[in-house]
Each structure stands twice: as C-alpha cells, then as structure tokens.
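Just follow the structure's listing: the first ligand is 1, and inside any ligand the first atom is 1. Keep in mind it's a predicted model, so treat the numbers as computed, not measured.
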Amino acid sequence: MRQALRELHQRHLGETTGALADYIPELAKGDPDRFGIAVATAGGDLFQTGDCLAEFTIQSVSKAFAYCVALELLGREAVLERIGVEPSGDAFNAIVFDPRTNRPFNPMVNAGAITVAGMLHERLGDDAFPTLLARMSAAAGRPLAVDEAVYRSETETGHRNRAIGHLLRNCGAISGPVDTILDIYFRQCSMLVTAVDLAWMGATLAHIGEHPATGEQVFELGAVRDTLAVMFTCGMYDYSGGWAFKVGIPAKSGVGGGIVGVVNRQLGIGTFSPRIDALGNSARGLRVFEDLANDFGLHTFECLNQGSLFVSSMLQRERA
Ligand code: GLU
C-alpha cells in the first residue's frame with residue numbers, strides 16, 4: 001500500500017487542471033500545488049504520502065458527519081421528515097427544493113446541510129457547534145480547530161447561503177435564528193483537517209462508527225449506515241452518478257480540495273489537492289480515487305472484490 005500510494009502520487013503530480021475555489025475569498029490564498037493521499041484501515045494501520053499533514057478547511061465534507069450526528073440525536077424519521085435523500089441534479093448551492101415535498105433534496109447540498117445545522121441547534125442550542133467539533137475530532141482522533149480567517153471570509157461573503165437560510169426559515173424547515181444557524185454551518189465548514197484526518201474519519205465510518213486506532217465509539221451504527229448510503233448517492237456534487245459508476249464507494253468532497261472515501265468495513269481514504277474542477281471536486285483527488293478503486297478492486301460491486309482481499313492479505317503479510 002505504501003508503495004502503491006507513492007506511485008499514485010508520482011503519477012498524478014503533473015495533473016494541474018482545475019483551480020482553487022475563490023468564491024470564498026480566503027480559499028483562493030491556498031497553495032494550489034499541495035497534494036496528499038492517506039489511507040487508514042479498519043485494523044488501525046495508516047499509510048500516507050505527499051502533503052498529508054497540510055491543513056485545509058473541510059468545507060462540504062463536514063456535511064456527511066453533521067448528518068450522521070443529526071441522525072443519531074434526532075432520529076432517522078425526524079430527519080427524513082425535513083431532508084430528503086434524493087440526488088438533486090443541481091449545484092451544491094442551488095436554491096431549489098424538491099417540488100413534491102418542499103424539502104431540501106438531500107443533506108449534502110447546502111440547503112440540506114443548513115437544515116441539519118438548524119435541527120442540531122433546535123436540539124442542542126449553543127452546544128450544537130461544540131458537539132459537532134467534538135464528534136468530528138473524535139472521528140479524526142485528534143482535536144480539530146476552526147480556521148478563523150476562512151470562517152470570517154465565508155461569513156462576510158456567504159449571501160447565497162444566507163438567502164437559502166431565510167428561505168428555509170420561511171418554509172418552516174428551520175425554526176431558530178437564521179444567523180445563528182448559519183454561524184454553525186460556516187464554522188463546521190471552516191474546520192481544519194489534513195488528508196490523514198480524512199482517512200481516519202473515513203475509517204471510523206468504515207469501522208461502523210468506532211475509530212480504529214483510539215477505539216472510541218464515535219457514531220451510532222444505524223446512523224453510519226444511513227450516512228454512507230447518502231454519501232454513495234449524493235456525495236460528489238453533480239458527479240455522484242459518474243463516481244458511483246467509476247469509483248463505487250461512499251465519498252464526500254469539499255471545495256477546499258478534500259475528498260473522504262469509505263470502503264465499508266475496510267478502509268478510509270483521504271485525499272487533498274485544492275485545484276477543483278467545474279463541478280467542485282478535486283481534480284487530482286478524482287484521478288487518485290479512480291486508480292485506487294481500479295488497482296485494488298475497491299468498487300462496492302466489484303464481483304470478486306479481489307483488491308480488497310489483496311489489501312487484507314498484504315496487511316497480514318506485513319504484520320507476520
Ligand atoms: N462552505 C461552503 C459553502 O457553503 C461549502 C461548499 C462546498 O464545499 O461544497 O459554500
């Protein structure tokens with residue numbers, strides 16, 4: 001695995017398509033060349049290559065984890081009542097709701113994620129963000145912090161999200177003060193993580209909610225299953241169908257350049273490369289995941305799943 005990651009890193013180092021997200025001004029100040037790949041196993045091993053300890057803001061990757069916490073704290077039915085589980089076919093920041101139900105399409109688009117923040121606020125009040133931070137830190141296995149500059153930048157310029165928030169308030173999807181709820185959302189998006197953090201966070205989901213190295217049970221079992229299902233169908237913006245077809249594992253990407261992927265019961269994969277394509281996905285990240293899925297047979301519906309057997313047999317050999 002170590003060797004494979006090094007080769008992958010080399011293979012895609014020259015891929016410089018895409019550009020830094022700049023609609024949040026502070027994001028445009030990042031180093032576009034950063035590139036890290038990390039893989040954590042459900043058995044507690046970690047493999048990494050490149051800029052794996054470089055910090056970047058988690059952005060939309062946080063939506064998957066916030067959804068998982070909401071499912072656990074509020075219950076599946078209550079969450080389903082307000083947020084659907086259908087791919088939207090629209091951009092992540094689209095101001096559209098499912099015309100049949102008037103709900104946000106899913107928790108991975110901004111409207112759904114802001115509704116999640118609203119529901120957490122209803123349940124936890126001022127503890128909503130500290131609870132999210134604590135859970136996501138536990139999933140990463142280290143205390144995470146907020147990038148104050150990115151948080152401020154998004155707070156100052158996030159008028160579209162504010163508009164979504166007010167519409168949600170107007171139709172009763174959220175009931176608390178819009179600014180407070182957006183503050184939770186902007187903070188959760190501004191948490192700093194590394195590719196290694198994403199790998200552990202993915203491995204925690206892969207390991208049905210238990211962090212493979214710390215042994216902490218971070219997420220509840222049923223919530224993990226539901227979260228992975230929505231990541232599988234809606235996690236990669238408007239490329240979710242292509243991703244399910246080509247890569248075939250639950251994943252979530254963010255405009256900060258991170259992607260987390262989950263090979264159920266086996267691996268968490270984290271990539272970081274901040275040049276993103278027109279749909280919002282890290283351009284290098286997509287290539288890396290495609291190659292990893294092909295080389296190791298990670299696709300959920302790979303008939304023999306030989307690659308996965310290969311991974312576990314390699315690990316066994318390494319341990320022996
Ligand atoms: N904070 C970003 C926004 O709401 C997250 C976008 C993303 O990563 O897709 O615009």
Qualifying ring pair (Phe, Tyr, Trp, His ring centres under 6.0 Å) pairs with a residue from residues 236-288, counting only residues at least two apart or across chains: Phe56-Phe272, Phe92-Tyr237, Trp243-Phe289

What pairs with His9 under side-chain hydrogen bond (donor to acceptor under 3.5 Å, both in side chains), at least two apart in sequence or on another chain? none

Taking ILVMFWY side chains as joined if any heavy atoms are under 4.5 angstrom apart, and letting links pass through other members, which residues group with Leu46? Leu53, Val196, Trp200

About how many Å separate OG of Ser60 and CD1 of Ile259, when rounded to the nearest 0.5 Å? 12.0 Å

Could you tell me, for ligand 1, which of its N or O atoms are under 3.5 Å from any protein N or O, listing the pairs and their distances rounded to 0.1 Å?
{"from": "ligand 1", "atom 1": "1 (N)", "to": "Gln59", "atom 2": "OE1", "distance (Å)": "2.7"}
{"from": "ligand 1", "atom 1": "1 (N)", "to": "Glu154", "atom 2": "OE1", "distance (Å)": "2.9"}
{"from": "ligand 1", "atom 1": "1 (N)", "to": "Glu154", "atom 2": "OE2", "distance (Å)": "2.6"}
{"from": "ligand 1", "atom 1": "4 (O)", "to": "Asn110", "atom 2": "ND2", "distance (Å)": "3.1"}
{"from": "ligand 1", "atom 1": "4 (O)", "to": "Glu154", "atom 2": "OE2", "distance (Å)": "3.3"}
{"from": "ligand 1", "atom 1": "4 (O)", "to": "Asn161", "atom 2": "ND2", "distance (Å)": "2.9"}
{"from": "ligand 1", "atom 1": "4 (O)", "to": "Tyr185", "atom 2": "OH", "distance (Å)": "2.6"}
{"from": "ligand 1", "atom 1": "8 (O)", "to": "Ser60", "atom 2": "N", "distance (Å)": "3.0"}
{"from": "ligand 1", "atom 1": "8 (O)", "to": "Ser60", "atom 2": "OG", "distance (Å)": "2.9"}
{"from": "ligand 1", "atom 1": "8 (O)", "to": "Tyr237", "atom 2": "OH", "distance (Å)": "3.1"}
{"from": "ligand 1", "atom 1": "8 (O)", "to": "Val255", "atom 2": "N", "distance (Å)": "2.9"}
{"from": "ligand 1", "atom 1": "9 (O)", "to": "Ser60", "atom 2": "OG", "distance (Å)": "2.5"}
{"from": "ligand 1", "atom 1": "9 (O)", "to": "Tyr237", "atom 2": "OH", "distance (Å)": "2.5"}
{"from": "ligand 1", "atom 1": "10 (O)", "to": "Tyr23", "atom 2": "OH", "distance (Å)": "2.7"}

Would you say Glu15 and Thr17 are linked by a side-chain donor-acceptor pair, where the criterion is simply a distance under 3.5 Å? yes

Under 6.0 Å from the six-membered ring centre of Phe47 and within 45° of its axis: does the NZ or CZ of Arg2 meet both? no

